[in-house]
Amino acid sequence: MSERRPYVRRQSRLWWASRTYRGYTLRELSGVGVAVYGAVLLAGLDSVRRGPDAYAAFVGWLSTPVAIVLHLVLLAAMLLHGLTWFQTLPKTMPRLIVGGQAVPQKTITNAAIGLAMLCSLALVIGALS
Amino acid sequence: MDHFDTDILILGAGGAGLRAAIAAAEAAPDQRVALVSKVYPMRSHTVAAEGGSAGVVQAHDTLDDHFNDTVSGGDWLCEQDVVEYFVSHCTREMIQLEHWGCPWSRKPDGHVNVRAFGGMKIERTWFAADRSGFHILHTLFQTSTKYKSIERFDEYFCVDLLVENGRAQGAVLLCLATGEFCAITARAVVLATGGAGRVFRQNTNGGIVTGDGMALAFRHGVPLRDMEFVQYHPTCMPGSGVLFTEGCRGEGAFLLNKDGYRYLQDYGLGPAEPQPRNKYMELGPRDRLSQAFWQEERKGRTVTTPQGEAAVLLDLRHLGRKRIEERLPLICELARHFMGIDPVDTPIPVRPAVHYTMGGILVGIDTASPLPGLYAAGECSSIGIHGANRLGSNSLAELSVFGRVAGEQAAAFAKGAAAAEIPALLDRARAAEARALGLLNGKGGGERHSVLRKEMADSLEKGCGIYRLGDEMQQACDRLADLRHRYDGITIDDKSRAWNTDWISALELGYQLDVAQAMAHSAIARKESRGAHQRLDGYTQRDDANYLRHSLAHYRKGASPEISYSPVTITRSPPGQRAYGALGEQLEHARKEATHG
Amino acid sequence: MADRDRLTIELWILRYRPAQDEEPHFVSYTVTYTEEMSVLEALQSIKDEQDGSLSFRWSCRMAICGSCGMMIDGTPKLACSTFLRDLAPGPVKIAPLENFPIERDLVVTVADFVKKIESIYPFIMPKETKPVEAGEYLQTPAQMAAYEPFSDCINCMLCYAACPQFGANPDFIGPGAMALLQRYNGDSRDAGSRERLDLIHGEDGVWSCTAVGLCSEACPKLVDPANAVNQNKTNSAFDFFLRGLRKENHS
Ligand SMILES: Cc1cc2nc3c(=O)[nH]c(=O)nc-3n(C[C@H](O)[C@H](O)[C@H](O)COP(=O)(O)OP(=O)(O)OC[C@H]3O[C@@H](n4cnc5c(N)ncnc54)[C@H](O)[C@@H]3O)c2cc1C
Ligand code: SF4
Ligand code: FES
């Protein structure tokens with residue numbers, strides 16, 4: 001029998017709470033925020049289906065302080081999630097080669113964010129007019 | 001003790017060992033190959049080679065030119081038949097590497113690109129940015145995994161060769177993870193264990209480059225040839241010795257002294273032109289450049305680094321950021337990270353450090369050593385292409401060309417050889433195990449091996465440096481004899497078995513001392529100046545009448561090595577004056593006229 | 001200057017010697033250091049002058065052989081290219097690479113990682129075989145740029161130490177091996193993508209990855225292994241989908 005006895009360190013169950021992974025954990029949590037907002041929208045749609053009274057109640061709830069605070073939190077989550085999503089985007093695609101050189105990932109992220117902002121703006125303008 | 005039987009045993013999995021393993025597997029798919037390395041193959045020191053590998057490709061280049069550059073670069077101490085074989089097989093091997101995936105840098109049309117290198121008349125250095133050795137090694141390692149007949153022993157340290165009936169038949173290995181021994185018996189053995197640069201203080205080599213294979217063969221009676229020729233690389237990081245590739249100068253870098261003056265023009269390498277021509281100035285050979293540094297230092301024209309080392313300046317600034325970052329990314333990383341200097345706007349302080357052992361295990365053109373069944377390839381061997389001074393980029397080419405030959409020759413030998421004589425070999429293996437354990441468990445006199453190692457490195461640096469003096473070499477010899485003696489009384493702190501690097505370093509030191517002795521004794525015996533061996537004590541000239549001969553160091557147990565000489569094979573290039581710069585061109589012109597007229 | 005030359009720093013090193021230790025524990029050493037001294041040099045000086053029994057891997061000293069990865073103040077780093085001046089005043093915590101079994105002291109088990117590398121067919125499977133005599137395959141700089149960064153991986157395993165999913169599932173193929181896979185899949189000379197893709201569909205393939213992304217931040221060679229993994233999630237998903245379609249066509 002040899003002396004060899006590799007020691008296996010157990011991964012902490014709370015690894016996600018450590019400082020190293022804070023960014024990642026926040027990103028994943030913000031995903032929950034996105035899901036919650038989806039649920040809010042769905043509830044709104046459902047109220048439309050259930051008739052004008054239900055819809056009015058829903059709109060009424062929207063202007064309660066609780067709903068406003070919730071929406072602010074959800075907005076922050078959406079923004080964070082969107083940002084990280086665009087940061088991840090270049091990691092999920094093949095290297096983009098233009099003129100024999102790879103396009104930097106930052107450029108791709110920035111272009112995508114720009115495009116998303118343009119689309120959002122167009123939507124807002126469309127909704128207002 | 002565990003025992004494995006195989007057909008072909010390859011010790012060392014750097015460039016040479018991997019190439020040999022692949023060649024053996026391809027030549028004889030029915031034979032088993034055992035590939036042993038004290039580190040994972042991709043950690044082998046081939047990984048550190050930066051500049052590139054030679055192979056004639058350009059239309060205006062010829063094999064003759066490569067031959068002449070190599071032979072004159074080696075100051076005519078080359079085996080010319082071997083050089084001829086070598087130059088005619090380099091390109092083939094480079095293409096083979098390309099087929100296996102090596103990401104050689106390309107020209108816009110998709111063909112492989114080549115760069116200039118010191119001492120080479122025409123650009124013929126294939127390069128993969130400045131990570132050429134890295135890419136060659138990883139390509140070979142990854143390709144080797146394709147062959148089912150290759151069985152690897154990663155992180156196994158060889159403590160002895162098994163020789164029985166005058167034939168090499170295996171090796172004894174120490175498994176680093178367990179500290180247990182095993183014997184491998186084989187019909188043929190290839191040594192590909194790399195160089196020995198760590199015997200010097202400032203060197204470009206990795207910690208594993210300790211001359212193990214050289215010492216193993218040496219102890220079994222195989223002579224070490226031309227060991228006095230140790231190459232200093234002119235551009236290394238002061239202090240650590242980490243290398244700045246010759247590729248820098250290939251790309252057009254200047255070497256400046258403290259006055260910003262391109263001092264090489266004072267040493268027969270001029271004229272100084274804005275774009276150094278091949279074989280001129282910064283593109284002269286390494287020995288000349290290192291010697292010029294030594295002279296500049298004596299004249300007080302060097303700068304002093306914060307660590308107190310003398311240095312000259314490697315100036316890349318005029319190449320511009322784009323070219324520097326594209327062609328020399330590793331150099332940028334080293335300068336920025338390790339020295340806090342950006343080569344784009346500041347010259348890098350550099351100085352010579354020991355880089356390469358031209359000498360090694362004596363082998364013939366077929367890589368066979370005088371000991372039947374034992375082959376050697378790569379830096380551990382002396383096949384005779386480097387002579388008294390190796391040209392940059394000839395070594396990576398050597399690994400490929402002669403790694404392949406070694407694999408094929410060993411496979412052929414194994415086919416015809418009788419089976420290994422296992423019982424007798426296992427007895428020898430047990431004796432070797434007992435010796436290694438004796439070193440571990442011996443009480444000793446309390447002295448640590450790290451102290452001895454430092455003294456060894458200091459004495460070689462002093463006695464066998466860029467310029468050498470008889471009495472200093474003698475001091476080195478005496479000092480080494482004393483260290484050899486003290487080595488028998490060292491004490492190892494750590495008595496455990498698993499991953500005991502204290503023990504491994506002590507074993508390596510034993511190898512290093514043998515190699516160091518071969519170097520120092522070969523050096524003092526050569527009473528002339530040639531290539532990397534330059535004396536200042538009355539033997540400042542080359543002496544072809546007496547020393548156009550290879551030195552051979554023979555091992556003597558408990559005593560210093562004995563030196564003898566053997567003839568040099570000269571086929572078509574009679575010894576001429578070795579010159580670079582304008583004089584070199586004149587001479588070459590005259591030689592051509594003479595042969596044509 | 002003279003004062004600066006005599007700075008000292010304390011290193012807390014996680015030690016584990018299987019012959020005598022039940023489990024790893026920190027031991028403190030103090031070293032004198034200079035401006036340009038790396039963590040590796042500090043470890044060497046401890047080994048040479050204080051305690052010969054301290055074990056760690058190293059060789060090249062120039063960040064290319066991939067031997068000397070370890071956790072330095074909690075981050076995976078190459079010891080040879082991490083400098084004490086950046087860690088001062090200390091104490092500096094040094095531990096073996098996270099997520100790997102410890103063989104001894106700072107030495108971790110590498111064999112499983114190497115097996116992963118070997119498993120992904122890490123060699124060119126040529127589109128068309130041609131003899132060496134026919135010369136090199138042509139490859140333009142643009143074709144090279146498509147895979148070249150992935151070929152710069154030095155197998156240092158820092159990315160594995162940064163990856164919590166590898167920590168949770170040691171069989172996950174992981175970032176470094178995926179970078180190598182993509183190095184070959186992206187090479188214009190290669191035609192082995194299909195075979196390689198077949199290896200990485202499951203949970204031990206790319207699907208353990210949750211795009212944490214720290215592997216790419218840990219990488220000392222800018223290989224961007226996260227890109228290799230995530231690209232291949234896309235490829236794997238497409239492949240799965242296309243395979244379904246193909247099956248339907250057959251029936
Ligand atoms: C910094 C640097 C840059 C260089 N640049 C260039 C260049 O640009 N062009 C060029 O042509 N040349 C260059 N060289 C030289 C060239 O890289 C080397 O000569 C060559 O790589 C040596 O290869 P090798 O296969 O003989 O040995 P190595 O690659 O050193 O491999 C030796 C192998 O032997 C194994 N080994 C050793 N001892 C034992 C033992 N006791 N037990 C088990 N295994 C053992 C090791 O583990 C390793 O696998 C450079 C060298 C250095 C140091
Ligand atoms: S991808 Fe980067 S961090 Fe991971 S093994 Fe390769 S070089 Fe190391
Ligand atoms: S010692 Fe080679 S990477 Fe650090």
Side-chain angles (χ1 to χ4, degrees), chain A residues 1-35 77 80-113, chain C residues 14 16-24 74-76 95-96 98-104 107-109 111 140-150 162 164-170 182 185-186 209-218 224-235:
Chain A
M1 254 282 289
S2 89
E3 241 175 42
R4 177 167 184 253
R5 204 158 45 84
Y7 183 88
V8 179
R9 289 165 287 181
R10 294 261 149 262
Q11 186 182 41
S12 151
R13 292 245 288 287
L14 296 178
W15 63 264
W16 50 269
S18 76
R19 233 190 40 215
T20 318
Y21 299 112
R22 185 172 294 161
Y24 166 73
T25 303
L26 277 178
R27 183 188 89 195
E28 296 300 288
L29 282 178
S30 69
V32 175
V34 173
L80 178 70
H81 203 75
L83 186 72
T84 56
W85 196 87
F86 287 117
Q87 279 165 351
T88 313
L89 173 73
K91 302 263 181 225
T92 61
M93 50 191 268
R95 288 164 56 78
L96 204 59
I97 313 286
V98 175
Q101 294 220 322
V103 179
Q105 297 191 351
K106 262 225 172 73
T107 314
I108 299 176
T109 299
N110 290 344
I113 292 177
Chain C
L14 192 66
Y16 167 67
R17 289 195 270 167
Q20 63 188 67
D21 298 335
E22 267 319 302
E23 52 184 35
T75 314
E98 203 64 59
N99 300 332
F100 290 94
I102 308 175
E103 293 283 337
R104 162 171 179 166
V107 176
V108 297
T109 313
T140 62
Q143 284 172 322
M144 232 179 103
Y147 73 89
E148 202 276 331
F150 297 123
Q165 302 304 352
F166 170 65
N169 172 17
Q182 191 52 35
N185 278 3
C209 172
T210 54
V212 179
L214 285 182
C215 52
S216 286
E217 279 172 41
D224 197 1
N227 179 221
V229 182
N230 285 294
Q231 243 187 82
N232 281 292
K233 279 194 209 157
T234 319
N235 296 343

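Quick note on labels: first sequence line is chain A, next is B, and so on, each numbered from 1.
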A.B. asks: If every non-hydrogen atom of C/Pro164 is compared with every non-hydrogen atom of A/Tyr21, which pair is closest and at what distance?
C.D. replies: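 In this case the closest contact between C/Pro164 and A/Tyr21 is CD-CE2, 3.6 Å.
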A.B. asks: Distance from A/Gln105 atom CD to C/Ser216 atom OG, nearest 0.5 Å?
C.D. replies: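 It is 7.5 Å, given to the nearest 0.5 Å.
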A.B. asks: Quick check for you: among C/Pro170, C/Pro149, C/Gly74, which has the greatest number of heavy-atom pairs under 4.5 Å with chain A?
C.D. replies: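 Ranked by heavy-atom pairs under 4.5 Å with chain A, first place is C/Pro149.
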A.B. asks: Given the options C/Val229, C/Thr234, C/Ile102, which has more heavy-atom pairs under 4.5 Å with chain A than any of the others?
C.D. replies: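 The residue among C/Val229, C/Thr234, C/Ile102 with the greatest pair count is C/Ile102.
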A.B. asks: Using modelled atom types only, decide if a donor and an acceptor are shared between the side chain of A/Arg9 and the backbone of C/Phe100 within a distance under 3.5 Å.
C.D. replies: yes
A.B. asks: Please look at A/Gln87 and chain C and tell me whether the side chain, the backbone, both or neither of the residue comes under 4.5 angstrom of a heavy atom of that chain.
C.D. replies: neither
A.B. asks: Picking from C/Gln143, C/Glu22, C/Lys233, C/Glu148, which has the most non-hydrogen pairs under 4.5 angstrom with chain A?
C.D. replies: C/Glu22
A.B. asks: Identify which part of A/Arg10 has an atom lying under 4.5 Å from any heavy atom of chain C, answering side chain, backbone, both or neither.
C.D. replies: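 Neither part; nothing is under 4.5 Å.
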A.B. asks: Below 4.5 Å from any heavy atom of chain C, which atoms of A/Ser18 appear? Answer side chain, backbone, both or neither.
C.D. replies: neither
A.B. asks: Please look at A/Thr92 and chain C and tell me whether the side chain, the backbone, both or neither of the residue comes under 4.5 angstrom of a heavy atom of that chain.
C.D. replies: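 Contact with chain C is through both the backbone and side chain of A/Thr92.
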A.B. asks: Locate the shortest heavy-atom distance separating A/Val8 from C/Pro101; write the atom from each residue and the value.
C.D. replies: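 Reported closest heavy-atom pair: CG2-CB, 4.1 Å.
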A.B. asks: The test is side chain to side chain contact (heavy atoms under 4.5 Å, CB included); show your working for A/Arg95 and C/Asp224 and say whether it passes.
C.D. replies: CA-CA 11 Å; A/Arg95 288 164 56 78; C/Asp224 197 1; over 6 Å; no
A.B. asks: Can you tell me which portion of A/Tyr7 sits under 4.5 Å from chain C's heavy atoms? Options are side chain, backbone, both or neither.
C.D. replies: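 For A/Tyr7, backbone and side chain are both near chain C.
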A.B. asks: Looking only at heavy atoms and a cut-off of under 4.5 Å, which of C/Glu98, C/Arg17, C/Arg104 has the most pairs with chain A?
C.D. replies: C/Glu98
A.B. asks: Treating C/Asn227 as the side-chain partner and A/Pro94 as the backbone partner, does any N or O pair qualify as donor plus acceptor under 3.5 Å?
C.D. replies: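 It does not hold such a pair.
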A.B. asks: Side chain, backbone, both or neither: which part of C/Thr210 has a heavy atom under 4.5 Å from chain A?
C.D. replies: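 Both the backbone and the side chain of C/Thr210 come within 4.5 Å of chain A.
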A.B. asks: Not counting sequence neighbours, which residues clear salt bridge (charged side-chain N to carboxylate O under 4.0 Å, His left out) with C/Glu103? List them please.
C.D. replies: A/Arg4
A.B. asks: Rounded to the nearest 0.5 Å, how far does CG of C/Asn99 lie from CD of A/Gln11?
C.D. replies: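 Interatomic distance, A/Gln11 CD to C/Asn99 CG, rounded to 0.5 Å: 6.0 Å.
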A.B. asks: Select, from C/Pro141, C/Pro96, C/Ala226, the one with the greatest count of heavy-atom pairs under 4.5 Å involving chain A.
C.D. replies: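 When all of C/Pro141, C/Pro96, C/Ala226 are compared, C/Pro96 has the most.
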A.B. asks: Contact part of C/Phe166 toward chain A, heavy-atom cut-off under 4.5 Å: side chain, backbone, both or neither?
C.D. replies: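 Neither part.
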A.B. asks: Relative to chain A, which segment of C/Gln182 carries a heavy atom at a distance below 4.5 Å: side chain, backbone, both, or neither?
C.D. replies: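 Neither; nothing under 4.5 Å.
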A.B. asks: Less than 4.5 Å to any heavy atom of chain A: does that hold for the side chain of C/Asp21, its backbone, both, or neither?
C.D. replies: backbone
